[in-house]
Amino acid sequence: MKITLSVNDDAYPLDVEPRRVLADALRDDCGLTGTHLGCEQGVCGACTVLVDGEAVRSCLMLAVQCDGVPIRTVEGLAGPGGEPHPLQRAFSAERGLQCGFCTPGFLMLAAGALERDPALGEEEVAALVGSNLCRCTGYEPIRRAITRAARDHQKGQDGRHLSA
Amino acid sequence: MVDRWLRREDERLLTGRGRFVADLRVPGCLDAVFVRSEVAHGTLREADCSAAREVPGVAGAWSAADLPDLPPMPDAPGVEGREWPALVKDRVRYPGEALAVVLGDDRYRAEDGAARVRVRVDPLPAVVTAEEAAGDEVRLFEGRSNVALRGEAGRPIGDEVWERAAVVVESRYRQQLLMPSPMECRTILCVPEGERLTVWSGHQAPHRLRHDLAGLLDRPEESIRVVVPDTGGAFGSKSAVFPEFIAVAWLAVRLGRPVRWVEDRRESLLVATRGRGQDQQVRLAADADGRLLAYELTVEADVGAYPHLGVAFPMQTAWMATGPYTTPEVHATVRSVLTNTMITYPYRGAGRPEATSPLERTMDVLAKRLDLDPADLRRRNLIPPDRFPYRTPTGRTYDSGDHPAALDLALRTLGYHGWRAEQARRRADPAALPVGIGLSCYVERSGGERGSVHDYVGVEAGEDGTVVARCGAASSGQSHATVFPALVAETLGVEPARVRLIEGDTDELPGGVGSFGSRSAQIDGAGLQHAATLLIEEARERAARMWDLPIEETAWSDGVVHPVRGTAAMGLSELVKRTGPLRIDERYEADMAFPFGAHAAVVEVDPDLGTVRVLQIVAVDDCGRALDPAVVRGQQFGSIVQGLGQALYEGVPFGDDGVPLLGYGLLDYLLPTYAEIPPIDLEETRTPTPRTPLGAKGAGESGCIGTPPAIVNAVADALRLDHPERLQMPLSPDVVWRAAA
Amino acid sequence: MKPAAFDYLAPRTVAEALDALAAGAQVLAGGQSLLLEMHLQRVHPDLVADINRIPGLDALTVSDGTLTVGALVRHRAFASPGAVPGPLGDLFGRAVGYIAHPPIRTRGTMAGSLAWAHPASEWCALAVALDAVVELRSTRGTREVPAGEYFRGPFQTAREPDELLTAVRYPLLAPDTGVAFTEHRRTGFSFAQVAVGAALTTRDGVITEARIGLANCADRPLRAHAAERALVGAEVSSWAFAAAGETAAEQDAAPVPEPYADVDYRRQVIAVLVARTLREAVPV
Ligand SMILES: Cc1cc2nc3c(=O)[nH]c(=O)nc-3n(C[C@H](O)[C@H](O)[C@H](O)COP(=O)(O)OP(=O)(O)OC[C@H]3O[C@@H](n4cnc5c(N)ncnc54)[C@H](O)[C@@H]3O)c2cc1C
Ligand code: FES
Ligand code: FES
């Protein structure tokens with residue numbers, strides 16, 4: 001089937017089989033390999049991307065379902081000038097990654113949530129961290145990173161607000 | 001600008017520019033899929049690939065019969081003669097064993113092909129526990145016993161010792177099978193180019209892989225380049241050559257085309273190497289004052305279907321059986337038994353969790369029998385700091401330690417007395433849920449065994465003022481690219497930014513051993529420090545010659561060599577420009593070291609449901625000098641959570657047919673999620689190893705070793721269990737409920 | 001773990017969807033079970049009808065005391081307070097947090113859960129407890145099946161392969177109903193070993209109506225009729241709830257053994273959880 005994936009504001013015209021899952025289309029057809037596959041069963045969340053602003057498991061969606069729908073992956077997380085997203089900075093600062101395999105999934109999950117609600121509360125953060133698997137860090141550093149990013153994000157927004 | 005990234009690995013991994021094997025783009029690459037046995041044990045009657053070959057996009061499909069020259073797995077020393085074929089020839093010995101391989105243009109096509117391979121396996125009775133298998137009623141290899149190896153450490157203990165003792169505790173424990181479960185499963189990509197074969201693999205020991213592949217493919221080692229790109233965790237499970245690797249490498253060479261295998265999660269839970277898997281029996285004797293007299297450990301190890309490195313691994317448990325105590329007599333015996341399961345292999349801790357757990361659990365039972373506080377009982381028996389180096393009855397010589405300090409710090413951090421008071425309060429209140437406190441003191445061994453406690457290390461100064469560090473380690477998340485350059489920079493007195501690390505590429509290194517057994521900081525770290533020191537000496541010698549001074553008249557500071565008197569000074573770049581390439585290559589060897597520590601856990605148990613809520617974990621770990629304390633804490637934390645997984649959640653249940661009941665993957669094999677993480681307090685003591693100038697010991701495995709028995713002891717304490725045998729890991733709610741009833 | 005090949009249709013109307021089903025298509029709703037099963041190669045549809053582009057199926061409406069949940073209402077909808085009025089909304093809100101995790105809840109649908117009929121499904125247990133009615137449509141017509149008759153076994157329902165589950169209807173709960181939902185599972189990711197939803201009404205300390213739904217207590221979702229009967233007319237007391245728990249465990253449930261939960265243990269958990277859920281459900 002002919003579809004166009006719109007990923008990080010770039011258009012990727014593709015001809016894919018209906019069975020092709022979004023994760024494979026992103027990785028192999030768009031060359032965006034930052035999205036990882038850790039289980040292909042919706043559990044680990046390494047494949048999490050934003051589809052129409054919502055964090056979803058890209059292993060449990062078909063590419064053909066996403067024809068024309070805006071998609072964001074970890075490659076599109078940084079700002080237009082390459083300025084790191086507060087989450088990227090916070091993950092490094094809080095040591096929220098070791099091997100980094102699970103990281104893109106956590107980043108996109110948190111990015112989706114932060115965009116929807118910049119004032120993420122403790123419980124929301126806990127639910128987010130509890131949505132994906134990481135075998136290296138023990139999660140606590142990831143929780144700290146998301147909390148820190150939420151704080152920085154808000155500060156940034158408040159800052160903009162003040163200077164405006 | 002301030003450095004945005006704390007680790008050098010971070011930028012690429014956080015921006016989607018990490019490169020794991022599955023991410024590499026290679027034109028014309030074929031994906032490999034294996035057709036796997038659905039039975040645990042059986043006779044292969046048919047593996048017909050003809051229909052698969054007709055499937056569009058399938059480049060080829062082969063069973064063992066189609067590939068008579070396909071080499072088998074390399075023989076494991078000491079247990080030769082039981083061949084492990086890369087594809088099953090006539091007998092299936094573990095569920096998931098590969099019956100055929102299909103190559104396709106992509107994974108989808110290859111799976112289409114695999115679905116068309118016709119296989120028929122006549123089932124045989126399967127034995128999946130060491131106990132069943134040891135009887136040899138079902139034999140995995142005709143005419144040969146399933147018992148593949150026997151071993152012992154220490155000397156047998158005389159009857160009179162047990163008779164004389166005031167108390168003797170006997171018990172049995174099961175160290176259940178665990179799946180290491182890195183988030184990235186195993187990977188290999190083989191790219192043949194002319195006479196060369198480049199192998200990309202998320203791997204812990206690239207040189208070992210090259211050596212094994214060279215032997216298997218019957219070609220010179222130099223013709224193979226093994227590169228380890230980003231690796232998504234390993235925990236011991238990525239350090240060998242595997243049957244699938246052989247098939248992939250062999251086909252790549254035969255077809256002259258790149259071939260890749262990316263293990264998926266379903267395969268991984270079936271055929272990735274498993275850890276632990278021991279049935280244990282212990283006897284522990286003490287006098288009336290609680291002084292330990294003797295300890296006996298009998299291990300029946302389930303090592304899986306084929307003799308492999310795992311066969312000898314339970315000896316690690318035997319050698320470490322003494323633990324942190326001055327027990328005068330210790331005897332450990334091991335029987336490694338073949339079973340119809342995938343092989344058992346090192347998993348984070350590898351043999352030491354299996355040694356620590358039975359001893360520490362039995363210590364708590366002993367304390368109860370003697371009516372002693374478990375902390376007191378341990379204190380009475382811990383090896384005092386002035387007895388190091390300490391030679392154990394099981395043949396280890398511990399390098400250094402201060403066990404009482406670690407235990408005291410753990411108790412203080414936990415607020416031990418406060419929790420005991422809370423426990424008493426709850427015991428008096430029938431409506432309150434019971435809490436329990438568990439302790440565990442451990443000794444870990446890091447670095448490796450004699451003969452492998454070495455690695456290649458090198459430091460090279462460039463004309464441009466940069467420094468390249470090289471070592472035989474391979475990182476799978478341990479931050480080598482950050483930590484090692486920082487260490488070399490510190491030794492040389494230069495900016496860390498000037499130093500970069502090369503590892504995990506056999507073309508770039510004259511040799512190497514790898515990263516396993518918590519050896520990288522201890523061996524490679526100490527080695528790099530040593531190499532940097534040699535580089536300084538060489539620089540001083542050259543400068544001395546240039547300046548016509550005796551070497552003692554030269555000095556080194558902040559990356560610059562200068563005469564002791566006078567102002568002339570020369571940086572590394574100028575020195576290289578004037579005197580030519582400056583490069584140190586060393587084979588650095590050190591002895592094994594023994595990290596140690598004390599862990600404590602507090603749990604609350606709901607006896608009606610059997611649920612365990614961990615309220616607090618305290619870990620005091622001593623890894624000597626920590627190269628980068630934050631990295632060490634990261635290792636500690638992650639390792640503790642894996643220990644939590646063993647204690648409460650992870651396990652491999654089998655069906656009657658011997659097939660693991662893990663069909664729903666990670667919905668069946670339960671890794672801890674954030675919802676399960678209790679408050680964890682990390683503390684450390686620092687007792688450097690005297691065996692290297694650096695003083696670092698391994699740090700990565702302590703949590704897997706120390707945490708599980710602390711948690712289990714806490715549950716037993718909450719339930720006031722007299723006998724611990726009813727609590728076998730994982731302490732799933734049904735197990736705890738039964739024990740409480 | 002890749003799905004086998006299939007043909008794909010994305011109907012724009014229910015009628016088109018029904019034609020596709022008549023032609024043998026399997027429905028793709030949230031895909032959070034279907035695609036998982038296809039990855040595991042347990043399900044191999046030749047034709048998939050993706051209903052996500054049909055307008056109107058995502059409606060969540062209340063009229064005449066009945067809540068109607070369209071086929072595309074995602075799990076997540078029930079997490080927003082006020083999405084469903086009164087105690088029914090409260091009960092759904094309590095249950096939804098146990099279904100997988102947020103990204104799955106963003107896609108997965110309540111109707112899909114009822115169509116899939118996993119024995120551990122929270123929604124399925126509530127559907128039977130709350131006398132839900134399942135609306136099934138095909139090119140042959142429309143029929144309504146009470147939830148109590150709809151579930152036939154593990155992953156088996158009264159739905160014919162060519163029927164689209166278009167809506168689920170629930171009678172609203174009276175405003176003075178007390179509700180609770182509890183779940184016992186091994187980790188944050190696992191399916192329920194046992195889950196219990198309850199709705200209670202009382203007058204002057206006497207129980208006047210009780211609804212108890214049980215997930216993973218048999219090969220299909222159950223309503224604990226015997227326990228409910230024992231409760232109605234009894235005074236609110238821990239003793240009555242404990243007895244109801246025993247009754248549910250012994251008479252209503254028909255536990256199936258699985259690793260880490262054999263039959264005895266399951267019965268124990270059912271007894272304890274039912275009692276606790278009821279206690280929590282007492283209206284204040
Ligand atoms: C990691 C993970 C954890 C999960 N945990 C839980 C859990 O704890 N509890 C729980 O209940 N569920 C759980 N689920 C399943 C999840 O809730 C699914 O969303 C749900 O089971 C099915 O809904 P769906 O909309 O995704 O259906 P789909 O996956 O699209 O479909 C499932 C099946 O139902 C059929 N179907 C769907 N909709 C209709 C319809 N309208 N008419 C006819 N047939 C239809 C499909 O053809 C298919 O056979 C989990 C899933 C995952 C991946
Ligand atoms: S790969 Fe999608 S959730 Fe694991
Ligand atoms: S950092 Fe390795 S899995 Fe999360």
Side-chain angles (χ1 to χ4, degrees), chain A residues 1-3 16-25 28 37-69 105-106 108-113 116-117 120 123-133 139, chain C residues 1-11 20 25-54 72 74-77 79-80 96-109 112 185 187-191:
Chain A
M1 280 178 71
K2 292 216 184 336
I3 57 167
V16 296
E17 282 187 293
R19 61 167 162 167
R20 200 157 185 81
V21 297
L22 176 59
D24 287 319
D28 297 337
L37 286 170
C39 71
E40 298 174 82
Q41 55 167 163
V43 182
C44 75
C47 67
T48 308
V49 302
L50 300 183
V51 172
D52 218 357
E54 304 277 9
V56 299
R57 305 301 208 213
S58 64
C59 69
L60 294 187
M61 272 190 91
L62 302 172
V64 291
Q65 293 188 282
C66 302
D67 188 11
V69 184
F106 276 103
M108 298 320 289
L109 184 67
R116 193 201 290 237
D117 175 13
L120 279 183
E123 267 184 43
E124 283 108 341
V125 173
L128 287 175
V129 184
S131 297
N132 284 11
L133 289 176
Y139 306 104
Chain C
M1 294 180 74
K2 304 296 180 194
F6 54 80
D7 289 325
Y8 173 84
L9 293 172
Q26 184 139 5
V27 174
L28 172 64
Q32 305 301 288
S33 292
L34 182 63
L35 289 177
L36 164 64
E37 297 295 324
M38 286 166 67
H39 277 125
L40 294 173
Q41 278 134 11
R42 290 167 191 259
V43 178
H44 317 88
D46 292 325
L47 178 61
V48 166
D50 177 358
I51 60 172
N52 285 278
R53 295 187 187 229
I54 303 178
L72 283 180
R74 317 276 168 187
H75 300 318
R76 193 181 65 191
S80 0
V96 71
Y98 291 106
I99 301 174
H101 26 71
I104 304 280
R105 301 203 280 269
T106 299
R107 298 286 316 158
T109 64
R185 56 181 175 182
T187 72
F189 272 24
S190 40
F191 276 71

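We use all heavy atoms of the structure for the numbers below, so side chains are in, but hydrogens, waters and symmetry mates are not. Below, chains carry the letters A, B, ... as their sequence lines are ordered, and counting in each starts from 1.
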(message) Report which part of Val64(A) has an atom under 4.5 Å of a heavy atom belonging to chain C: side chain, backbone, both, or neither.
(response) both

(request) Spell out, as yes or no, whether a donor-acceptor pair under 3.5 Å connects the side chain of Arg74(C) to the backbone of Arg107(C). (result) yes

(request) Against chain A, label Leu28(C) side chain, backbone, both or neither, depending on which of its atoms sit under 4.5 Å from a heavy atom there. (result) side chain

(request) With a 4.5 angstrom heavy-atom cut-off, could you sort out which part of Met61(A) is near chain C: side chain, backbone, both or neither? (result) both

(request) Could you look at Ala10(C) and say if it's the side chain, the backbone, both or neither that has a heavy atom under 4.5 Å from chain A? (result) neither

(request) Select all residues of residues 35-51 of chain C having any heavy atom within less than 4.5 Å of some heavy atom of chain A, and report them by number, or 'none'. (result) Leu35(C), Leu36(C), His39(C), Asp50(C)

(message) Counting only non-hydrogen atoms closer than 4.5 Å, does Asp52(A) touch chain C with its backbone (N, CA, C, O), its side chain (CB onward), both, or neither?
(response) neither

(request) Sort Leu62(A) into side chain, backbone, both or neither according to what part of it lies under 4.5 angstrom from a heavy atom of chain C. (result) both

(message) Let's test your reading of the structure: which of Gly31(C), Ala4(C), Ser33(C) forms the most heavy-atom pairs below 4.5 Å with chain A?
(response) Ala4(C)

(message) Heavy-atom pairs under 4.5 Å with chain C: which of Asp24(A), Leu37(A), Val51(A) has the most?
(response) Asp24(A)

(message) Strictly distance-based, threshold 3.5 Å: is any side-chain N or O of Ser58(A) a donor or acceptor partner for the main-chain N or O of Cys47(A)?
(response) yes

(message) Please rank Gln32(C), Arg53(C), Lys2(C), His101(C) by heavy-atom pairs under 4.5 Å with chain A and give me the top one.
(response) His101(C)

